[in-house]
Structures are given as structure tokens and as C-alpha cells.
Visitor: 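Right, I'll just put the structure down here and ask away after.
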Number of protein chains: 2
Amino acid sequence: MKPSIKEIAKRLNIAPSTVSRALNDKHDISQSLKEKVNTVAKEIGYKKNSIAARLVNKKSNTIGVFFLSREHINNEENTGFKYVEVILDKIKAKNYDLIIFSVDSDLKDKKKYIDICSERQVEGAIFIGLEDTDENTELLRNIEVPTVILEKRVSGKNISYVGSDNEYGINAILDHLFQLGHKDIAFIKGPDFIECSKDRFNAFYKRMNSLNLYREDFVKTGNFRLKSGYSATQELLNGKDIPTAIVASSDLMAIGAMKAIEEKGLKIPDDISLVGYDGFEIGAFLSPALTTVYQDFQTMGIKAVDTLFSMIENNEESVNLVFKPKLIERKSTKKIFS
Amino acid sequence: MKPSIKEIAKRLNIAPSTVSRALNDKHDISQSLKEKVNTVAKEIGYKKNSIAARLVNKKSNTIGVFFLSREHINNEENTGFKYVEVILDKIKAKNYDLIIFSVDSDLKDKKKYIDICSERQVEGAIFIGLEDTDENTELLRNIEVPTVILEKRVSGKNISYVGSDNEYGINAILDHLFQLGHKDIAFIKGPDFIECSKDRFNAFYKRMNSLNLYREDFVKTGNFRLKSGYSATQELLNGKDIPTAIVASSDLMAIGAMKAIEEKGLKIPDDISLVGYDGFEIGAFLSPALTTVYQDFQTMGIKAVDTLFSMIENNEESVNLVFKPKLIERKSTKKIFS
DNA sequence: CTGTTAGCGCCTTCAC
DNA sequence: GTGAAGGCGCTAACAG
């Protein structure tokens, strides 16, 4: 049996409530008593039962982090982890606990996200990797606790959105390529069930089509993973015509593309230009160093938590935060001869 | 006010305890009542307060995951995330909640890990990235809840260890290099406060020294990150003698090394052989594809959770699980002319 | 300053 | 089958 507050009370012949107040360092307790209490507490190895405290305080001090879409995109290749990292630190810094929910059983239980939040009494929720196809999305709109959804626009009274301007990013890439004289530009899409992935393709389509440059045979679909970029590029290079530039909607797919291009005996950027998306640090170390669009996941994660807490603590309204990514020109793109 | 069990009881004119039993699908409640209760529960949007339930059940249903050492090694470069991923899924599949603790405030609060576990009433703990320098380690030995520590050997009644045989891995690399005729082998160490990092270096030292091949000027220290591999290699290549092979104790450092080697105008593997460590998928896509030692983080994570639950649920004793990594020969190593 | 009382929301005896 | 009572460990409100 773990020692409780009562045990301390008994030993000191005082009331449990007094012990509680002493332990919580309340003003109305004498210094000497506090010391005595703390001494005994240490002696018998007392540790507060935070579950009990949370029950009476009606405050769970917990944020629920939903880390989804990992059955489709995993580990090294999941940008979600980039958020998780800072989110973790920020939330802990606020002295909140953070409980992570994942697809696996939580979803297979057919538990609605919104119910999970209720049961666990979380005070706020953050969603990473919510997919378009997720049937749970509709229900989410009515969530009662402050919520931030990353990279997917879901409207709701308590829901804030933090995301990146994908159209801006794609246009930055295209501006760059156009400037270098490219017209035959291929695109490696990400999966359709991911909003940012669709956004990127749509931006590409819109711009290219408006310039009468869009060609369907220059579009292949991957899944953000290395291998898929590799195979998509193989298809591309085995087509009738070969593009002068390839835009991959993730850095990892771009790295896959590099391999396919190299195997085909082509040189980057001399024979073909290549652009990635995400701005992973590793891109700078490749040869050639990868031109890409940098997304500041760190800042976005921090802002997500800040937003969440201003909703929780200051009752502020939900907001939409859209960050502009930034083109990083490196060595994988080059002016075309024509 | 969220609806409670009492509310349902009132509406149905029955006792709260009956509602509780109905909701928990106990045997001694009539089917018809159960249905009625569930209907009303749904109507008024009742959600169990798991905090209250946990208090009376004296079961937190929670595993604490301590994800440390992230201030030193972050995001893309932290292999810890590879564990987190599977651990997350496995624990959720067991229907446990998982609360993540991180360095930041948890540690700066000067809270001992062991106290955090007590307060949160976690039923088990997993440590990822525990550093050698962590003053908390000593205290950990006496932890009362079943605990698994990854990649660091800490002995204690309730502590299991899951790790990788680093000496085996390094020897596999050296065997491979010796077979290719290399003798002037350089080593890029990881940081000293990480046990596996030290293990790898020690294994290197031991073997090389026993063969009278060890040279101090062929050893540089990095921090597992890309950049550090890059700079370490620069130093190496600017030395008086140049090694014929470089072993980096992480894939990421090896990738940094590649860049430095290339910049120096040297070719891999013709001028210099390079070996990584970890077996990141990306290594296969580099040019040349990176020879490395593969560690099955996935399996190790799974085993860690399995071990934890056999301690928790079946009261089994703590164990030490050591996995053998596997050399993957790719294109960055080559026979030497001499 | 400290003790008494009551209750957070739920679940488990023990009656009936 | 169902109801009543009590308590998990802690804290807030009110006395004194």
C-alpha cells in the first residue's frame, strides 16, 4: 500500500486536509508545520496520487495528442514526428501531461476521437496527420475542448488550424523552374487522402494548366516514401517524352527520384532538374544538394501549442494560422538549354 | 456540467450503482435495463470519467514513456523516434494509455523519474535515450513499477534491458573491411554520454588495437548528426595521412561524411570506403548506396513492450534482451589495391 | 493557523 | 436483479 496523506496525518496527529495544504504550500500553514509534513512525507516515501487530485480539482492537466495516419506513412518518412517533438516539449513546459493517441486500437475500437477526449477529460487536443478519408472528421467539428488541427482545415467553433501555404510553396518552385527555362515539368504527387498533398498537386495543376503546360503523363502518384519516388520516377523516365524537371512533393520522394535518375544514366541537374518539398536537413548533404521548399515544422508546432493554450487558458477564439514555406535553391536545379 | 452516472440514474429512477453495472456490462443486470441505460447514456451524451474510474479501481491503465536525450540529438536524427512509433502502437493495442515524459520541464522541475511514475500511478515505464550522465539513473534502480530501458544497461529488480549488440555490429563492419584489405580505418564516434556510442567505439578500439592497427589520429568525435559527420570527416581528410576506410557510428554521420569526401574530390568507394551504422532506409537510395549495419528498431520496440507487459501482467522477472544487428553490404565499400 | 465536513464520479461490497 | 452505503485519495469550504 502506498502511503497516503492520511498516513502522514496520523503520524503527525493532524488533519489530512492540513497535510494537503502543507504539501501544496498554501499560505495559511505555518512554516514549521510545512517542514514537519515534508519531512515525514519524505521519510515514508509519500507521493501524491495525481489521479485523485485531478478528480477533485476537475482538472486533468492533460492534453491529448492524436497522431494519426501512421499506418500509411511511417517513421523516417513521417513529417508528423517533426511536430511531435516540439509539441512534446512545449506542452511539458506548460506543466501539462500529454497523452498520445494513435490509430491502432483507439480507432479500431471504433471510439470517436471526441469520445476519447471526453473520457480522458483532456483539456485540449492536437491532431497530427488527420486524413481526408477519416470518417471521424465530421464528428470532430463539435468537439467541446479547444483543438488544433495541423495541416488539415476542419471548421468548428473550438477548432484552430495550423498549416502551411502549399500553393505558395508550389508556385515558388514553379517560378524558380520557369525562370530557369523549364516547361516540361513533371510532378510526383503524394497520396490523395492527405490534404496538403492534394493542395500541392492542385496548385501545380492550376498553374501549369493556366499556362497550357500541364500534361497528364507527367504526373505520377507516390505515397511520400522513398521507394514510391523511385518507382514514380522510373515510370516517368520510361515514358515517351522525358521532362526537363521533376517536382516531388516530398524530399524523400525526391531522394528516391535521384536514384532512379542516376540509374537511368542521367545527371542532375545537367540532364534533368529536381526539386523536393519539406526542407529536410539531409537535402543539403546529398549530391547534388537538393533544391527544395522548406517548411518550418518547428515553428508550426510551437504555434500550434501556443494557439491551443490561448484557447484553453484565455478563452480566445479559434484561429487559422497559415505559414509560408520558403524555397531553398541548392544544386539540383539548373538553367535549361533550348 | 458533463452528465454523470447519477444523471442517468435519475432519469431512469434507478440507483447509480445499477447504472454503473449496466454500463460495465456486468452479468447481474437484466438485458432490458442495460439497453435502457445505454440509450439514455447516448441521449444525454454521457461519457465515463476515466479519472474517477481509475481512482476507485486503483489502476491507472497508463504506461509512462520517458523520451530523453532529445536536447542533444533531435528530430530526423534521433533514432529514438523509431522506437516511439512501435511502442505507441503496441501499448495502445493493449488498451493502455501512454503518457510521454520529456526532458524539458519534467527534468528541470528536478523531479525524479521515479517520482513522476509514482505520482502518475503509471503501471510501467519505458526509457528511451537515457544518458550516462543522467544523475537520475542511480535512483532508477529502485523503481517499483516494471520498467524497460532501451539501449542502456541499468540493473535493478524491476528493470529489463533491451538493446543491441554493438560490439557484434562493429566487428561485422571490421571483418568486412579487413576482408577487403583495409587497414587504415578511421572511426567517427558518437557522443560519450550515450552508452551505445561508447560501446561502438570501445569495440572498435579493442579490435583495432589488438591488431596493432589503432591510430588515435584516425578517430574523431561527432554527435550523431549530419553536420558533425561532415566536419569530422573534413578533419580526417585534412590530416597527415588519409584512411582508406571510414566507419561512422551512425548513418547520418556517414551521409555527412559522404559530402565531405566528395567535396575533397575523392570518390567513394574507389578512393575511400565508407560504412554507416543504423540501417536507415535512406542509405539504400544514396549514391553510392551505403554499406551499414542494420538495427531492427521495430522489433526491439515491440520486444520492449512485450517484456514490459509480461512483467506487469504475469509478474515475470526482468530480463536482458540483446539483439544482433546485421551488416548490409552495399556500394560504399570496396576492395583496396595495395 | 488548523480541524471538520463534505464531495469529486465511479465502483464494489452487502443487503434485499 | 436491483438498491443503499461506503470509500478510492485528495482538496475546498467553512468553522473555530
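Chain naming here is simple, since letters A, B, ... match the order of the sequence lines and numbering starts at 1 in each. Just so it is clear, the model here is predicted, and its values are computed rather than measured.
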Visitor: Mind calculating the distance between NZ (Lys58(A)) and C1' (dC10(C)) to the nearest angstrom?
Guide: 13 Å
Visitor: State plainly whether the residues Glu138(A) and Arg141(A) are in salt-bridge range, i.e. N to O under 4.0 Å.
Guide: yes
Visitor: Select from Leu55(B) and His27(B) the residue whose nearest nucleotide in DNA chain D is closer to the 5' end of that strand.
Guide: His27(B)
Visitor: Quick one: list whatever passes salt bridge (Lys or Arg N to Asp or Glu O under 4.0 Å) with Lys59(A), sequence neighbours left out.
Guide: Glu123(A)
Visitor: Quick check, are the ring centers of Phe101(A) and Tyr113(A) under 6.0 angstrom apart?
Guide: no
Visitor: Output a table of donor-acceptor pairs, distance under 3.5 Å, between side-chain atoms of residues 22-29 of chain B and any protein atom two or more places apart or on a different chain; print 'none' if there are none.
Guide:
residue	atom	partner	partner atom	Å
Asn24(B)	OD1	Lys48(B)	NZ	3.3
Asn24(B)	ND2	Ser20(B)	O	3.3
Asp25(B)	OD1	Lys34(B)	NZ	3.0

Visitor: State, to the nearest 10°, the angle formed by the axis through the first five base pairs of the helix from dC1(C)-dG16(D) to dC16(C)-dG1(D) and the axis through its last five.
Guide: 40°
Visitor: Provide the start and end nucleotides, 5' to 3', of the part of DNA chain D that has atoms under 4.0 Å from heavy atoms of chain B.
Guide: dG1(D) to dG9(D)
Visitor: Between side-chain atoms of residues 312-321 of chain A and protein atoms elsewhere (two or more places apart, or another chain), which donor-acceptor pairs fall under 3.5 Å?
Guide:
residue	atom	partner	partner atom	Å
Ser318(A)	OG	Lys157(A)	O	3.3
Ser318(A)	OG	Ile159(A)	O	3.4

Visitor: Take atom CD1 of Ile8(B) and atom C1' of dC10(C), then tell me their distance rounded to the nearest Å.
Guide: 12 Å
Visitor: Please classify the nucleic acid contact of Ile14(B) as base, sugar-phosphate, or nothing, using heavy-atom distances under 4.0 Å.
Guide: sugar-phosphate
Visitor: Using OP1 and OP2 only, check whether a side-chain N or O of Lys2(B) sits under 4.0 Å from dG9(C).
Guide: no
Visitor: Do any of residues 34-43 of chain B sit with a heavy atom less than 4.0 Å from DNA chain D, and if so which?
Guide: none
Visitor: Report all interatomic pairs (protein N or O, nucleotide N or O of nucleotides 11-14 of chain C) with separations under 3.5 Å.
Guide:
residue	atom	partner	partner atom	Å
dC11(C)	OP1	Asn24(B)	ND2	3.2
dC11(C)	OP1	Lys48(B)	NZ	3.1
dC11(C)	OP2	Ser20(B)	OG	2.8
dC11(C)	OP2	Asn24(B)	ND2	3.4

Visitor: With sugar-phosphate meaning primed atoms plus P, OP1 and OP2, does Leu33(A) contact a base, only sugar-phosphate, or nothing at under 4.0 Å between heavy atoms?
Guide: sugar-phosphate
Visitor: Excluding sequence neighbours, so at least two apart, what forms side-chain hydrogen bond (donor to acceptor under 3.5 Å, both in side chains) with Ser30(B)?
Guide: Ser32(B)
Visitor: Could you check whether Phe309(A) and Tyr96(A) have their ring centres less than 6.0 Å apart?
Guide: yes
Visitor: Just to verify, what does Lys6(B) make a salt bridge (Lys or Arg N to Asp or Glu O under 4.0 Å) with, not counting sequence neighbours?
Guide: none
Visitor: From CD of Gln121(A) over to P of dC8(C), roughly how many Å is that when rounded to an integer?
Guide: 14 Å
Visitor: Excluding sequence neighbours, so at least two apart, what forms salt bridge (Lys or Arg N to Asp or Glu O under 4.0 Å) with Glu119(B)?
Guide: Lys111(B)
Visitor: Passes ring pair (Phe, Tyr, Trp, His ring centres under 6.0 Å), Tyr83(A) versus Phe67(A)? Steps please.
Guide: CA-CA 10 Å; Tyr83(A) 294 118; Phe67(A) 192 11; 9.1 Å; no
Visitor: Heavy atoms, side chains only, cut-off 4.5 Å: are Lys92(B) and Asp97(B) in contact?
Guide: yes
Visitor: With sequence neighbours excluded, what pairs up with Lys152(B) under the salt bridge (Lys or Arg N to Asp or Glu O under 4.0 Å) test?
Guide: Asp132(B), Glu195(B)
Visitor: Quick one: ring pair (Phe, Tyr, Trp, His ring centres under 6.0 Å) partners of Tyr161(B), sequence neighbours excluded?
Guide: none
